[in-house]
Amino acid sequence: MRSIIYFSLILCCTVFISCESKLAKRPNIIFIMSDDHSEAAISAYGSKLISTPNIDRIANEGVQFNNSFVTNSICAPSRAVLLTGKYSHLNGVLDNNQVFDGDQETFPKLLQEAGYETSMIGKWHLKSEPTGFDNWKVLKGQGEYYNPLIVDESGEKNILGYVTDVITDLAIKTLDNRDQDKPFAMLMHHKAPHRNWMPNLKNLGAFKGKTFPIPETFYDDYSSRSSAATDSDMRIDNMFLTWDMKLRPEDIDKETGTGGSGKASGIIRDSYREWMNIDQRYIWEAYYDSISADYRESNLKGNELLEWKFQRYMEDYLGTILSVDESVGKILDYLDNNGLADNTIIVYTSDQGFYLGEHGWFDKRFMYEESLSMPLLMRYPKEIKGQQELDEIVLNLDFAPTFLDYAGIKVPKSMQGYSMRNLVSGKKQSKWRESMYYHYFEFPHGWHFVKKHYGIRTDRYKLIHFYDDIDAWEFYDLKNDPNEINNIYNDPNYKSEINTTKRELYKLQVEFKDTVIEKTD
Ligand code: SGN
Ligand code: CA
């Protein structure tokens, strides 16, 4: 009897140990996502504007995707797709106004059920309380750049400091306090470089005196496009002098910018100053007040004023990215110093792309390249060779299946993306998607007035249908026209390509179970 008990004990232990060691092998995941970070502001992507050595490190030691796209280029929808692996029309977050249904299946929930310790730190923006996380500490709504209000299960409180530092510190504290017997998955989501682009005090003036190159398409007149471009409101001309340019109300005659709100209200938007405490504000104003005084004296008009606004925009937008890059460096150092680098998948991305003056714009939403593209860099020394660049089309739909695959969890059939695991580890993929489907919904409510549209992008072509209060198609040949200046939808030479691409578009709508909008021809 005794020997039977003894034998069973050994068996149990062996099974337990082998389960444990199997569990221990599962990789940790750190998913870093910033907000509105364009590829044009990452040096790994060849930025002419800024150097981002820490973000680049992920690319150098891992893989860089050159064709990574978002399926609906706006914040909350992008986040809902990330969590669920499903298109907006299925996860219920079509635009920034909807509340995410936290009862849905998400990859953090599945990881948590499988024994991962899961955490969510930073910008959430999905309105409902986070679900599927052992720890969560999130910004309220869009959050504040200084001394942000942080919400968790116990309530909400302001934390002193600059938002990117606050989020990084909370993330590191969460890693420090984790259950060392479990693999972990942490989502660290930065507010920066979201509007109104407030840099850390220590980075004020970091780009002062630098002249940023005006983008080739800065003076796009939209002449070949549908009216969707002219009817939108996201031109740099229209930026708020107060909120965006940070001018003193007393240094401007009146607020002339619409800021993308659709009409010039004349209302001064200066409330960001109230986020700062008196010491922070002192340093802030010492820097910005001289810019404000220069503006008043220089009396710029027309294109001179427009280009001045562009330079100011770049100084502040890029200023916030310095801190994001520093944050990535801190996380990479943490992994090195704690022996975690080898067994941790680290991802850097942004919820979507952004216009840095291309087509005269800021903001996102359109299916054009700058806002469709999401930077995507991934490192996992165990399986991913360094210094790789991949041109396959990957989507934010693919994150959930990828992480589940790495964790050894079966990917639910209802998820609509694919695991990128074989792709990044150099294993031959028998098939991969050759086109992607896009659908944007936030119109007419909300900001910037970009009309509803859906479309398809292949490696060569892009076909877009703007609908709702308009019925207009655009077609671009990305090989001959990478800047998407010539809409050739009516060019007879492209008739056959357009028809083929349109058939493929309708096929994708059926495949992804999107409502097939009444076809126009
Ligand atoms: C704010 C901004 C808009 C921006 C939306 C959505 N206006 O409303 O310019 O498009 O956020 O951004 S602001 O004057 O308040 O800064 S998103 O990234 O959350 O989708
Ligand atoms: Ca965003």
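In this text, all values refer to a predicted model and were calculated from it rather than measured experimentally. Both ligands and their constituent atoms are indexed starting at 1 by order of listing.
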Problem set entry | Which of the ligand 1 atoms, numbered from 1, are nearer than 4.0 Å to a heavy atom of H125 | 19 (O)

For this session: Could you list which atoms of ligand 1 come closer than 4.0 Å to a heavy atom of D363?
Result: 4 (C), 9 (O), 10 (O)

Exercise. Does N96 have a heavy atom less than 4.0 Å from any atom of ligand 1?
Worked result: yes

For this session: May I ask you to list the atoms of ligand 1 that are less than 4.0 angstrom from any heavy atom of I74?
Result: 20 (O)

Exercise. What's the verdict on side chain to side chain contact (heavy atoms under 4.5 Å, CB included) for F207 and L322, showing C-alpha distance, side-chain angles and the deciding distance?
Worked result: CA-CA 10 Å; F207 294 96; L322 294 175; 3.8 Å; yes

For this session: Anything under 30° is parallel, anything over 60° is perpendicular, the rest tilted; go ahead and classify Y355 against F366.
Result: perpendicular

Exercise. Do you know the tightest heavy-atom contact between F310 and L356?
Worked result: CE1-O, 3.5 Å

For this session: Enumerate the atoms of ligand 1 whose separation from the nearest heavy atom of K123 is less than 4.0 angstrom.
Result: 19 (O)

Exercise. So is M234 in contact with ligand 1, going by heavy-atom distances below 4.0 Å?
Worked result: no

For this session: Classify the angle between the aromatic ring planes of W197 and Y313 as parallel (below 30°), tilted (30 to 60°) or perpendicular (above 60°).
Result: tilted

Exercise. With a 4.0 Å cut-off, would you call D325 and K330 a salt bridge?
Worked result: no

Seminar exercise, completed: For D35, the ligand 1 atoms with a heavy-atom partner under 4.0 Å come out as 18 (O)

Seminar exercise, completed: Per residue D36, nearest N, O or S atom to the Ca ion (ligand 2) is named OD1

Problem set entry | Metal proximity, Q352 vs the Ca ion (ligand 2), N/O/S cut-off 3.0 Å | yes

Exercise. Is there a nitrogen or oxygen of H448 sitting under 3.5 Å from a nitrogen or oxygen of ligand 1?
Worked result: yes

For this session: Report the angle formed at the Ca ion (ligand 2) by atom OD1 of D35 and atom OD1 of D351, rounding to the nearest 10°.
Result: 80°

Exercise. Looking at atom 16 (O) of ligand 1, what's its closest protein heavy atom, distance included?
Worked result: W243 NE1, 3.0 Å

Exercise. Does C75 reach ligand 1 with a nitrogen or oxygen that is under 3.5 Å from one of the ligand's nitrogen or oxygen atoms?
Worked result: yes

For this session: Return the orientation label for the H359 and Y368 ring planes: parallel under 30°, perpendicular over 60°, tilted otherwise.
Result: tilted

Exercise. Got a salt bridge between D244 and K246, using NZ or NE/NH1/NH2 to carboxylate O under 4.0 Å?
Worked result: no

For this session: Return the option from Q352, R365, R195, E442 holding the heavy atom at the smallest distance from atom 5 (C) of ligand 1.
Result: R365

For this session: Pick one of side chain, backbone, both or neither for how R79 approaches ligand 1, counting any non-hydrogen atom pair under 4.0 Å.
Result: neither

For this session: Tell me which protein heavy atom sits closest to atom 18 (O) of ligand 1, plus the residue, atom name and distance to 0.1 Å.
Result: K364 NZ, 2.9 Å

Problem set entry | Pair E369 + R457: basic N to acidic O under 4.0 Å | yes

Exercise. Which residue supplies the protein heavy atom nearest to atom 8 (O) of ligand 1, what is that atom called, and how far is it?
Worked result: W447 NE1, 3.2 Å

Exercise. So which bit of M239 gets within less than 4.0 Å of ligand 1, heavy atoms only: side chain, backbone, both or neither?
Worked result: neither

Exercise. Between the side chains of E274 and Y272, is a donor N or O closer than 3.5 angstrom to an acceptor N or O?
Worked result: no

Exercise. Can the positive tip of R365 be found less than 6.0 Å from the middle of the six-membered ring of F441, inside 45° of the ring normal?
Worked result: no

Problem set entry | Test ring pair (Phe, Tyr, Trp, His ring centres under 6.0 Å) applied to Y454 and H89, step by step | CA-CA 12 Å; Y454 59 85; H89 57 275; over 10 Å; no

For this session: Heavy-atom contacts with D36 under 4.0 Å: which atoms of ligand 1 show up? List them by number with element.
Result: 18 (O)

Exercise. Any ion pair linking D468 and K451 (charged N to carboxylate O, less than 4.0 Å)?
Worked result: no

For this session: Could you tell me the residue and atom name of the protein heavy atom closest to atom 11 (O) of ligand 1, and the distance to it rounded to 0.1 Å?
Result: Q142 NE2, 3.2 Å

Problem set entry | Closest protein heavy atom (residue, atom, distance) for atom 15 (O) of ligand 1 | R269 NH2, 3.4 Å

For this session: Establish, yes or no, whether the cationic atom of K191 lies under 6.0 Å from the six-membered ring centre of Y145 and within 45° of the ring axis.
Result: yes

